[in-house]
Amino acid sequence: MDKTYSPHDIEGRIYRHWEENGLFTPAGDGPPFCIVIPPPNVTGTLHMGHAFQDTIMDALTRFHRMAGDRTLWQPGTDHAGIATQMVVERQLNAEGRTRYELGREGFNERIWRWKEESGGTIARQMRRLGASVDWTRDRFTMDPGMSQAVQDAFVRLHAQGLIYRGKRLVNWDPVLKTAVSDLEVQSEEETGSLWHIRYPFADGKGHVTVATTRPETMLGDVAVAFHPEDERYRGFAGRKLALPLTGREIPLIADAFADPAFGTGCVKLTPAHDFNDYEVGLRLGLPLINILTADAKISDEAPKPYRGLDRFEARKRIVADLEAAGLLEKIEPHKLTIPRGDRSGAVVEPWLTDQWYVRIAPLAAPAIRAVEQGQIRFVPENWDKTYFEWMRNIKDWCISRQLWWGHRIPAWYAPDGTIHVGRSEGEVRKQDGIPASVPLRQDEDVLDTWFSSALWPFSTLGWPDKTKELETFYPTSVLVTGFDIIFFWVARMIMLGLHFTGEVPFREVYVHGLIRDQDGQKMSKSKGNVIDPLDIVDGIGLPELLAKRTTGLMQPQLAPAIERATRKQFPGGIAAHGTDALRFTFASLATQSRDLRFDLGRVEGYRNFCNKLWNAARFVLMSTEAPLVDGPEEFSAYDRWIRSRLHATIAGVREAFTAYRFDLAAQAVYEFTWYEFCDWYLEFSKPVLQSGTSAPAQLRGTRRTLVETLETLLRLLHPLMPFITEEIWQRVAPRAGKTGTSIMRQPFPATLPDAAVPEIEAEMRWVMDFILGVRRIRGELDIAPSVQIPARLQGASPDDLARFARNEAVIRRLAGIAGATPLAAGEAPPQAAAALLGELRILVPMAGLIDVDAELARLGKRRSKLEQELARATAKLGNENFVRNAPAEVVAQERERIAGFKRELAQLAEQHERVTSLR
RNA sequence: GGGUGCUUAGCUCAGCUGGUAGAGCGUCGCCCUUACAAGGCGAAUGUCGCAGGUUCGAUCCCUGCAGCACCCACCA
């Protein structure tokens, strides 16, 4: 083995080994465990969030696979309707072409080609991250099978009256020229204006003033309303107003919808362009005047001078015309929320169109119940509040999109306007008895991407067919997802899953936080703070990193600032850290926090951890032989101690995995590996291995323990760090008497009931404290490591002496003392620095070694600390209520502490005196 | 307007059912001691956001306040 761990050399080889041996396929006859992957965009690349999520899913998958479950991690990708269409459209635009030139079919062919070219990227990246998905079951939402599931779901919902077509106001994205759902609209607060406009009475006698944030929509006004109890306007009800610039007359009406406190108390009603006005219009039977075209220009419904103008251009013109006519009373600055399409960024218009909707209330009710009754559990639990909040206020879901890329809606129109829904034109003709002579035209629209996503947990397993996989793995075990798509995806899977299968799609939803950069900022291309997870794995030079971050920006003017920030943060680019270090970092980031700050420094720390493990393995391998020599084995206290600690760690890790606390799992295994196994046990083993005087049985016991502890530790670490553990395991396993193709299929460590040995742990605590005490003196008094000090023991109990005798070799080596002889009865203690261990005093004679002032300072510091503690504990015991009410063991413990403090203080005083006399 | 979180060492974060404040990174000493300088040994650092309350005892439970996030919502 090399002296330094170099991940690059082994990761690719190991992944191929796993895949070629079919190790990702469910095996055995244990209880099923299944995770379906949240499908990434097929044409995309993995970002840090994916890598994080994949790490968690892979850890869970590997954990359950090792635990003997029949484990499936179902992979796949999503066609991501709008996102993909936009990307390809932009490519076309760059070539100076548009999708309309290609036509629907040509455009879709082009997307499919792009998918074939770029679709492998994600799979390649996932392999690099060690994802143990079952590639043989890879799915794509537009595969024939998936598409059939989508069609089937649509047809069934329609037949059940849960899908309908309706004309109403929708959120219209005038750039993408499609309807979008409420969820795809992002409302941001922006500063705009409130225009106060006079609407004269038709009879020429006076006017009312309305306040609006959207003056251009006045072209579509059909009424003005005031509150029935608004004194200012009472009596005006029913009078006609001359709508400026249009030559139309509209009524002034009294309606409680108007808020007397806002603006002037008069509100203009534009039912075709405002969701509220639409409701009022419906209620009052007002007409609808649609003054906008699909690309948000003024339509022919409006007066001639404004037709064809863009909405914002029209606004300027209208305001100017009103001002010229003396009808503009004033303009006030006004904060308002502007709705924008989450993909295009365009201001979304409420627009009147025909769309398909899912009637959601009947689906939501059981989905709410499933969570209320605990058939589905959110982790962390309080995400259910968010879920309930949304589900209880949910509105019908607009599922049609005016796009070309996606699942075409399986509905056909006859010339008489009737709509026929079915799986194909043939089926429709047959079921509805439409002769071939009657032409049928299929709906042009496609379905919202999230419609197919909502079916994902069962469509990937074969639904609507009753497959073996569906029967085995559905309901799936856990969904791993970010909180940002609870509404988009999680809620919809629950609704449609329950509806179509009668069962929940998953039993638990693990909701993780979102990865942000080191400053807590969201990672995005335009901020220039994106890190490609594979650049952390493989490393990247500064020039390449700069190029990656500054090319293809939507706003190229940001490039210099991005370059500056990047140079500052990564002056030498990014070093290679390997997949395992990155994965371990992700695991340790997986706290219950919502925002997870990614800091490269931590990856570096965990890369060092990999190196530590690697070198510990080197030590074990060079200290043992393969196979271990048979014969009687004698296990030392150290052997039993590390075994005891190992099993405590195993218990902790298992518990953490079960609770989805990957951070705690990572911490437990890190601490065991570094602080117990490496810092102590390996050092304990050296005297036995290297003294040359150890009995063969002792040697065998220590070697056995070294190998078995390491081998178990590797299995414990494997779900988090699959590559390095596999690489080492292949070498260590034979010595542990294990055979197997891979560590992947070895059992996950289980706790042994007899492993915990409290007496041994207590003795080792004593040994370690002894060593630490001496080391502290050495450190503080600057005694060179090469100097072997002769220590003396004062006040040693028979127990102390026995412990020292049993552990002398280890203590001498690790504390760097030449020996430690007890003071003879009546012998005066030498001038010495002292470490206290209960009643025992470890004396380090100071002759020629010690700086008196330094030692006095050290004693003084310790004393003030003890005095503080003593004061606090004494006050506590002085409180009668404490003594009366606190549990007996707490009180007793407090008394013991006080005794200890007092004893130590007395010794300190004595020591202080003795050192002072050295002056 | 409604809802959900967060506030602990210079930075990033743990802290399980209330009982002596922890880690990583960074900082400061001393060491190239044959597993590891991507290392070893040692050290320093916290009125646990503020104010009340419950309790013998609060970082932890309750109330209020402040600051910071995020989500939902149609106020023209």
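Proteins get letters first, then strands, A, B, ... in listed order; numbering begins at 1 in each.
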For A:Lys902, all residues meeting side chain to side chain contact (heavy atoms under 4.5 Å, CB included), sequence neighbours excluded: A:Leu870, A:Ile898
Can a side chain N or O of A:Asn885 be found less than 4.0 Å away from OP1 or OP2 on B:C56? yes
Which part of the nucleic acid, if any, lies within contact of A:Thr386, taking any heavy atom under 4.0 Å across all strands shown: a base, the sugar-phosphate backbone alone, or nothing? nothing
Base, sugar-phosphate, or nothing for A:Cys610, non-hydrogen atoms under 4.0 angstrom? nothing
Watson-Crick or G-U wobble partner for B:G39, using a 3.5 Å limit on both distances? B:C31
Taking atom C1' in both B:U8 and B:A58, compute the distance separating them and give it to the nearest angstrom. 14 Å
Say you pick atom C1' in B:U33 and the same atom in B:C28; how far apart are they, in whole Å? 22 Å
To the nearest Å, give me how far apart CZ (A:Arg813) and C1' (B:U34) are. 10 Å
Could you tell me how far apart A:Met622 (CE) and B:U34 (P) are, to the nearest whole angstrom? 12 Å
Using a heavy-atom distance cut-off of less than 4.0 Å, which residues of residues 681-688 of chain A contact RNA chain B? A:Leu682, A:Glu683, A:Lys686
P atom, B:G1 versus B:C65: distance in rounded Å? 13 Å
Which part of the nucleic acid does A:Gly878 contact within heavy-atom distance under 4.0 Å: base, sugar-phosphate only, or nothing? nothing
Quantified in whole Å, what is the C1' atom distance between nucleotide B:G26 and nucleotide B:G18? 33 Å
Using a heavy-atom cut-off of 4.0 Å across all strands, would you classify A:Ser623 as base, sugar-phosphate, or nothing? nothing
Heavy atoms only, 4.0 Å cut-off, all strands: where does A:Ala258 land among base, sugar-phosphate and nothing? base
Below the 4.0 Å mark, does B:G42 have OP1 or OP2 next to a side-chain nitrogen or oxygen of A:Arg775? yes
Determine, step by step, whether A:Thr702 and A:Tyr638 satisfy the side-chain contact (heavy atoms from CB on, under 4.5 Å) criterion, reporting the C-alpha distance in whole Å, the side-chain angles of both residues, the deciding distance to 0.1 Å, and the verdict. CA-CA 8 Å; A:Thr702 294; A:Tyr638 315 111; over 6 Å; no
If I take atom OH in residue A:Tyr670 and atom P in nucleotide B:C13, what distance separates them, rounded to the nearest angstrom? 18 Å
Taking 4.0 Å as the cut-off, does a side-chain nitrogen or oxygen of A:Arg897 come that near to OP1 or OP2 on B:U20? no
In terms of heavy-atom contacts, does CD of A:Glu655 have more than 12 from other residues, nucleotides or ligands at under 6.0 Å? no
What does B:A23 pair with, Watson-Crick or G-U, if both distances are under 3.5 Å? B:U12
Which atom of A:Pro271 lies closest to which atom of A:Leu286, heavy atoms considered: CG-CB, 4.4 Å
Flag for A:His273-A:Glu349: side-chain donor and acceptor within less than 3.5 Å: no
Within the 4.0 Å heavy-atom criterion, would you say A:Asn382 contacts the bases, only the backbone, or no part of the nucleic acid? sugar-phosphate
What is the nucleic acid contact for A:Trp195, judged by heavy atoms within less than 4.0 Å: base, sugar-phosphate only, or nothing? nothing
From CZ of A:Arg776 across to C1' of B:A43 the rounded distance in Å is 8 Å
Is any side-chain nitrogen or oxygen of A:Lys385 closer than 4.0 Å to OP1 or OP2 of B:G5? yes
Would A:Lys612 and A:Phe677 count as a cation-pi pair here, with the cationic atom under 6.0 angstrom from the ring centre and within 45° of the axis? no
Interatomic distance at C1', B:C41 relative to B:G64, whole Å: 50 Å
Using a strict threshold of under 4.0 Å (side-chain N to carboxylate O), is an ion pair present between A:Arg214 and A:Asp274? no
A:Asn615 side chain near B:G39 phosphate (N/O to OP1/OP2, under 4.0 Å): no
With sugar-phosphate meaning primed atoms plus P, OP1 and OP2, does A:Lys3 contact a base, only sugar-phosphate, or nothing at under 4.0 Å between heavy atoms? sugar-phosphate
Which value, in whole Å, describes the distance between the C1' atoms of nucleotides B:G24 and B:A66? 31 Å
Residue from A:Glu184, A:Glu189, A:Glu188, A:Glu190 passing salt bridge (charged side-chain N to carboxylate O under 4.0 Å, His left out) with A:Arg340: A:Glu190
Taking atom types as modelled, find out whether A:Gln893 and A:Glu889 have a side-chain donor-acceptor pair closer than 3.5 angstrom. no
Given that both distances must come in under 3.5 Å, which nucleotide forms a Watson-Crick or G-U wobble pair with B:G57? none
Over all strands shown, is A:Phe275 touching base, sugar-phosphate only, or nothing at heavy-atom distances under 4.0 angstrom? nothing
Touch check for A:Pro350, heavy atoms < 4.0 angstrom, all strands: base, sugar-phosphate only, or nothing? nothing
Contact class for A:Asp595 vs. all strands (heavy atom < 4.0 Å): base, sugar-phosphate, or nothing? sugar-phosphate
Under 4.0 Å between any heavy atoms, over every strand shown, what does A:Asp679 touch: base, sugar-phosphate, or nothing? Just pick one. sugar-phosphate
Using purine N1 to pyrimidine N3 plus N6-O4 or O6-N4 for Watson-Crick, or N1-O2 and O6-N3 for G-U wobble, both under 3.5 Å, which nucleotide pairs with B:A66? B:U7
A:Leu596 near the nucleic acid: base, sugar-phosphate alone, or nothing, with a heavy-atom cut-off under 4.0 Å? nothing
Could you give the distance separating B:G52 and B:C11 at their C1' atoms, to the nearest angstrom? 32 Å
Just to be sure I understand the rule, does A:Leu664 reach a base, reach only the sugar-phosphate, or reach nothing, if contact means heavy atoms closer than 4.0 Å? sugar-phosphate
Exactly one of A:Thr337, A:Asp342, A:Val348 clears side-chain contact (heavy atoms from CB on, under 4.5 Å) with A:Gln186, and that residue is A:Asp342
What integer number of Å spans the P atoms of B:C60 and B:C48? 10 Å
